[in-house]
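So the structure is just underneath, and the comments pick up after that.
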Amino acid sequence: METSGSRSTAARALPVVIRNIVKHYGAVRALDDVSLTVGQGEFVTLLGPSGSGKTTLLMTIAGFARPTAGSIVVGDTEVVRLPPHKRDIGMVFQNYALFPHMTVGENVAYPLRLRNKPKAEIAERVEQVLDLVQLAGYGSRRVDELSGGQRQRIALARAIVFEPRILLMDEPLSALDKQLRERMQIEIRRLHDRLGMTTIAVTHDQREALTMSDRVAVLHQGRLTQFDTPRRLYERPANRFVAEFIGESSFLPVSVENGTARYGDTVLSLAETPPGAAAQLLLLRPEKLLFLDGQAFSHSTTINRLRGMVTEAVFQGESVLLAVRLEGGHEIHTRLPNRQIDNAAAPEIGAPIELGLAAEDTLLVPGDR
Ligand code: ADP
Ligand code: MG
């Protein structure tokens, strides 16, 4: 921690190498051969729907669950057989797990008392870390007097007060309302940047994962389906599951032959040569679609054109959500940004519409899940 002189957490941060982790609960395969490496000081988020194995993976790293098979190496140490308190890991649980009968200060001091630190050092560290989470002066308050956001900060303070080499967080913000959650995402990321400790967080909220992380590990049915930077995940999803889970998307079946893709009679210019498989899906992100309005569109790159008819238009504030039935028969969704709405009138249902998609934004994903 920067306030404690030479023992900076950044210098003590360690990489975590997870190899071929399998976890069975009876017949349930909670984790199915998961491998990933989290770099020293990196912020990685485990993202996936409910039941995909996120908590199980975090608990195997923390030591609260023993994997059926596989290895977890922290720094140079194989930790799979070590109990949690020997792993030097700070943990923020989903429901904070604060001690309700203790004050804020006592809660934060707890990990230091467990480690038999001298009283004076404990007092000093507690004060420093409360200051770090913007709760200076709250030490003598009772936990149940505090708001959800404040409790979350205390749980965070308690997790980092003993300068663990790794910080784990399981859905740390899920109990907070949307506005506070978004503020805390930025705050947690800033704190990480100041302290530099290797951090692994769990969330089912894709935007939260994109906001906080250096890289995101997407889990699906106990398997790691893609591990990449937020930008790569969004711009180059490995499969339909990732494309659907992160951001908004519509898909069109296309046939691929000799490096070109076809939707009905429309030949599509592509961002990159498609991989072999003939069955592919064209990925359409609402904000990538252009509203051509019949006009000739001057653009430096090739524009693919899709014609159809508006079947639904819903005003949603910053945009109008449009459902469009394409001439090929498929319905897709797109958004007309508020600034492009003429005279506050949404496009009419039944009106013809022509959508454009730049070749560089024309991406295919494998047709099977
Ligand atoms: P997530 O955190 O992504 O929602 P979990 O890791 O909690 O997912 O669960 C993954 C799968 O393992 C689910 O099918 C869940 O029901 C099962 N599971 C998790 N913990 C246990 C347990 N203690 N006993 C039996 N099954 C479990
Ligand atoms: Mg969970």
Side-chain angles (χ1 to χ4, degrees), residues 16-38 43-72 74 79-84 87 89-98 148 151-152 155-156 158-159 166-178 180-181 184-185 188 198-213 215-228 230 233 237-247 369:
V16 181
V17 180
I18 296 160
R19 276 198 209 104
N20 308 111
I21 289 290
V22 175
K23 178 68 180 174
H24 294 171
Y25 290 109
V28 177
R29 275 169 180 261
L31 294 172
D32 190 1
D33 199 21
V34 172
S35 299
L36 74 147
T37 296
V38 181
F43 194 132
V44 164
T45 297
L46 310 177
L47 173 69
S50 176
S52 56
K54 308 180 295 293
T55 294
T56 304
L57 184 55
L58 206 70
M59 290 303 161
T60 63
I61 301 167
F64 297 111
R66 175 76 66 88
T68 308
S71 145
I72 299 173
V74 175
V79 299
V80 154
R81 265 164 254 286
L82 290 182
R87 296 192 185 195
I89 279 171
M91 175 94 200
V92 178
F93 294 91
Q94 191 162 3
N95 49 9
Y96 314 147
L98 295 170
R151 286 178 206 201
Q152 197 280 337
L156 193 59
R158 189 180 60 180
I166 294 161
L167 175 63
L168 305 180
M169 298 187 279
D170 193 358
E171 309 250 9
L173 305 178
S174 60
L176 307 180
D177 65 43
K178 185 166 180 284
L180 185 56
R181 206 160 66 224
M184 289 301 301
Q185 288 164 9
I188 287 177
T198 307
T199 302
I200 306 175
V202 160
T203 185
H204 63 272
D205 178 340
Q206 48 101 9
R207 186 174 287 274
E208 184 167 303
L210 299 187
T211 301
M212 298 200 299
S213 323
R215 285 190 295 168
V216 179
V218 183
L219 290 173
H220 179 42
Q221 295 174 348
R223 288 177 157 269
L224 181 66
T225 175
Q226 191 170 359
F227 184 34
D228 234 323
L233 274 186
N239 51 44
R240 179 180 180 144
F241 175 78
V242 174
E244 245 171 359
F245 199 69
I246 296 172
R369 274 175 176 246

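The shown structure was predicted, so the numbers you read here are calculated from the model rather than taken from an experiment. For ligands, and for the atoms within them, numbers begin at 1 and follow the listed sequence.
- Of the inter-residue distances, the one linking R151 atom CZ with L156 atom CG reads 16.0 Å to the nearest 0.5 angstrom.
- In this structure, atom 27 (C) of ligand 1 is in close contact with the protein, since a protein heavy atom lies within 4.0 Å of it.
- In terms of protein heavy atoms, atom 12 (O) of ligand 1 is closest to A30 CB, 3.3 Å.
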**OP:** Assess whether side-chain contact (heavy atoms from CB on, under 4.5 Å) is satisfied between L57 and I200, documenting all intermediate values.
**Re:** CA-CA 10 Å; L57 184 55; I200 306 175; over 6 Å; no
Subject >> side-chain contact (heavy atoms from CB on, under 4.5 Å) assessment of V44 paired with V16 >> reply: CA-CA 11 Å; V44 164; V16 181; over 6 Å; no
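- Look at G48 and you'll find every heavy atom at least 4.0 Å from all atoms of ligand 1.
- Atom 23 (N) of ligand 1 has Y25 CE2, 3.5 Å as its closest protein atom, hydrogens excluded (heavy atom only).
- The presence of a protein heavy atom under 4.0 Å from atom 4 (O) of ligand 1 is confirmed.
- Counting only heavy atoms of the protein, atom 8 (O) of ligand 1 lies nearest to G53 N, 3.2 Å.
- The nearest heavy-atom contact from the protein to atom 9 (O) of ligand 1 is T56 OG1, 3.8 Å.
- For G222 against V34, the heavy-atom pair with the smallest separation is O-CG2, 3.4 Å.
- Distances shorter than 4.0 angstrom occur between a heavy atom of P49 and an atom of ligand 1.
- Distance OG1/T199 to CE/M212: 9.5 Å, rounded to 0.5 Å.
- Considering backbone and side-chain N/O of V28, none are found under 3.5 Å from N/O of ligand 1.
- The main-chain N or O of T211 is never found under 3.5 Å from a side-chain atom of Q185 such that the two would form a donor-acceptor pair.
- Rounded to the nearest 0.5 Å, atoms OG1 (T198) and CD1 (I61) are 11.0 Å apart.
- Among all non-hydrogen protein atoms, the one lying nearest atom 10 (C) of ligand 1 is G51 O, 3.5 Å.
- For the atom pair CZ (F245) and OG1 (T225), the distance works out to 11.0 Å, reported to the nearest 0.5 Å.
- Taking CZ from F64 and CG from L168, the interatomic distance works out to 9.0 Å, rounded to the nearest 0.5 Å.
- Rounded to the nearest 0.5 angstrom, I21 CD1 and T60 OG1 are separated by 5.0 Å.
- Judged purely by atom type and a 3.5 angstrom limit, R87 uses its side chain to pair as donor or acceptor with the backbone of V80.
- Any protein N/O/S atom under 2.8 Å from the Mg ion (ligand 2) was counted, giving 1 altogether.
- Scanning V202, D170, T55 for the heavy atom closest to atom 7 (O) of ligand 1 points to T55.
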